[in-house]
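Structure first, commentary second.
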Amino acid sequence: MTATLPQKQELSDVVIDPLPSNKTRKRSLQQQPTKSPRFEFQIVQCIFFFLSKQMLYRNNIDNNRLSQERKQWSLSDFEIGRALGKGNFGQVYLAREKQSGFVVALKVLYKKALADSKVERQLRREVEIQGNLRHPNILRLYGYFHDETRVFLILELAAKGELYKELQAQKKFPEEVAARYVAQMANALLYLHGKRVIHRDIKPENLLLGLKGELKIGDFGWSVKTGVTESRRRKTLCGTLDYLPPEIVEGRSHNEKVDLWSLGILLYEMLCGNPPFEEEDSYETTYRRIIHVDLRIPDHVSKEASDLIKKLLVYKSVERLPLRSVILHPFVTKHVQQAKRASSSSSSSSTR
Ligand SMILES: Nc1ncnc2c1ncn2[C@@H]1O[C@H](COP(=O)(O)OP(=O)(O)OP(=O)(O)O)[C@@H](O)[C@H]1O
């Protein structure tokens, strides 16, 4: 795959230092850092040593673009620009690879914070899985490197930030916008599931927007390859349940169809401004509403959108609408075709 080189741009000289949090809502299921013994820190170092051996030959930003030689990256290869945001374990900065001028997002994670929260395994999985994915609606992970105290992930820049912030600003999306996002999500999930990867954490906070507003699935910390035995997703339910399907909240075995449920929740939230089973102060009520699929769709939602939501939010995972049928659902085709017609008529009138 050839990556398009962004224009060279000037980055202001900002050093890597801690920032105040800019998150107003955090629905991450990860545990917050706690104090931990020193040996955990050493385990993290071992893990990253192992990872660096494994990733050495995959560690160049883009084979076709930046350099033909295989490269071990270091901080000195990048000019660091403004902060893009703050996460649980560090910060994300705009950065430019010096040799090529290629602009990326550099995510800095503190090893101590990772060890304290025991999320090294999650990070390793994220790097292994995301580093091998190539799809226009999936955020690229070009490579990683580390120093004594930090791990750096070299990520594709999502110039328009989080979908969550966009949704907060607009409260709800018009149906044609939501339909476009659903189509992009369904295509990306088809690709993922084809590679036997289940994302398991689809929600607006984990979806980013590219320069043209195209959706990019990010944050593969909870993703898993199908066939890998995993019950941890249930055990780590210490955050919100809002996007989780009945089989996960009930602690049953699950498969890629969990992402179909989350897609239904996402569509509902994009059209209504909040997830369908959200209860401000009662975890138990949300739990009950999820397992009984206690769905109440407001009147302003169109018949087609409501039909698609109901076909995704189905208790029995095998009965959820498959992704290929999501792409062909009237709610999606109507709006996506309309958008195509509008763009082709505007391009033909501009060539006249
Ligand atoms: N690739 C990117 N391009 C542009 N902005 C980004 C990118 N990645 C993250 N950001 C910004 O940085 C903020 C923090 O991102 P980050 O992924 O570290 O947060 P997080 O959700 O807490 O993740 P984690 O739990 O893995 O730390 C996001 O809210 C987003 O605004």
Side-chain angles (χ1 to χ4, degrees), residues 1-9 11-12 14 16 19 21-28 61-62 65-66 78-97 100-109 123 126-127 129-144 151-170 173 177-178 180-189 191-192 197 199 201-223 262-263 266 269-270:
M1 191 187 104
T2 17
T4 330
L5 264 171
Q7 294 294 306
K8 266 203 167 199
Q9 58 187 95
L11 304 175
S12 57
V14 178
I16 296 181
L19 292 164
S21 172
N22 61 356
K23 292 242 164 172
T24 47
R25 173 178 76 166
K26 188 73 204 164
R27 293 192 305 205
S28 168
I61 281 189
D62 191 304
R65 186 189 44 72
L66 271 188
F78 296 89
E79 273 174 55
I80 307 300
R82 73 180 171 84
L84 294 168
K86 179 170 164 46
N88 283 318
F89 307 102
Q91 296 86 34
V92 182
Y93 293 90
L94 190 65
R96 184 170 60 190
E97 201 274 328
S100 62
F102 193 70
V103 177
V104 294
L106 197 62
K107 183 164 171 173
V108 185
L109 302 155
L123 178 64
E126 184 173 345
V127 169
I129 292 180
Q130 202 177 350
N132 282 306
L133 301 173
R134 308 278 184 277
H135 188 278
N137 299 115
I138 295 176
L139 196 79
R140 273 291 298 273
L141 171 63
Y142 296 116
Y144 87 98
V151 178
F152 299 85
L153 302 185
I154 310 166
L155 291 163
E156 175 183 357
L157 174 69
K160 295 207 167 147
E162 271 180 25
L163 181 77
Y164 171 64
K165 283 179 193 150
E166 192 58 36
L167 187 55
Q168 262 198 325
Q170 294 191 31
F173 291 147
V177 174
R180 242 183 0 255
Y181 288 141
V182 168
Q184 295 176 22
M185 281 296 303
N187 278 309
L189 289 174
Y191 168 84
L192 268 188
V197 173
H199 188 278
D201 203 13
I202 297 294
K203 57 184 176 183
E205 293 92 323
N206 291 338
L207 302 174
L208 293 155
L209 298 170
L211 194 60
K212 294 180 189 147
E214 70 280 23
L215 192 135
K216 307 261 176 194
I217 302 182
D219 204 334
F220 281 75
W222 280 112
S223 61
S262 307
L263 182 59
L266 178 71
E269 181 163 9
M270 289 194 291

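- Atom CG of Leu208 and atom NZ of Lys216 lie 9.5 Å apart (nearest 0.5 Å).
- Atom CG of Leu133 and atom OG of Ser223 lie 8.0 Å apart (nearest 0.5 Å).
- Residues satisfying the side chain to side chain donor-acceptor pair (under 3.5 Å) test with Lys107, not counting sequence neighbours, are none.
- Gln168 CD to Leu163 CG: the interatomic distance, rounded to the nearest 0.5 Å, is 11.0 Å.
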Can Phe102 and Tyr142 be said to form a ring-ring contact (aromatic ring centres under 6.0 Å, His included), step by step?
-> CA-CA 12 Å; Phe102 193 70; Tyr142 296 116; 5.5 Å; yes
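- Distance CG/Leu157 to CZ/Arg140: 14.0 Å, rounded to 0.5 Å.
- Pairing each heavy atom of Ile217 with each of Met185, the nearest pair is CD1-CE, 3.9 Å.
- Distance alone, capped at 3.5 Å, places no donor-acceptor pair between the Asp201 side chain and the Asp219 backbone.
- Between Leu209 and Leu215, the closest heavy-atom pair is CD2-CA, 4.1 Å.
- For the atom pair CG of Asn187 and CD1 of Ile138, the computed distance is 10.0 Å after rounding to the nearest 0.5 Å.
- A 4.5 Å side-chain heavy-atom check between Gln170 and Val177 finds every atom pair outside the cut-off.
- Nearest heavy-atom pair across Phe220 and His199 is CE2-CD2, 3.7 Å.
- Judged by distance alone, the side chain of Lys160 and the main-chain N or O of Leu211 form a donor-acceptor pair under 3.5 Å.
- In plain terms, the two heavy atoms of Leu141 and Glu126 that are nearest each other are CD2-O, 4.2 Å.
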Evaluation steps, side-chain contact (heavy atoms from CB on, under 4.5 Å), between Ile202 and Leu189 = CA-CA 10 Å; Ile202 297 294; Leu189 289 174; 4.2 Å; yes
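- Taking CG of Leu84 as the reference point, atom CD of Glu162 lies at 11.0 Å (rounded to 0.5 Å).
- Side-chain contact between Tyr181 and Leu266: absent, with no pair of heavy atoms (C-beta onward) separated by less than 4.5 Å.
- In terms of heavy atoms, Arg134 sits closest to Tyr191 at N-OH, 2.8 Å.
- The two residues Leu155 and Gln130 come nearest to each other via the heavy atoms CD2-NE2, 4.0 Å.
- Every residue was checked against the side chain to side chain donor-acceptor pair (under 3.5 Å) condition with Glu214, not counting sequence neighbours, and none meets it.
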Check against side-chain contact (heavy atoms from CB on, under 4.5 Å), Glu97 and Ile154 | CA-CA 10 Å; Glu97 201 274 328; Ile154 310 166; over 6 Å; no
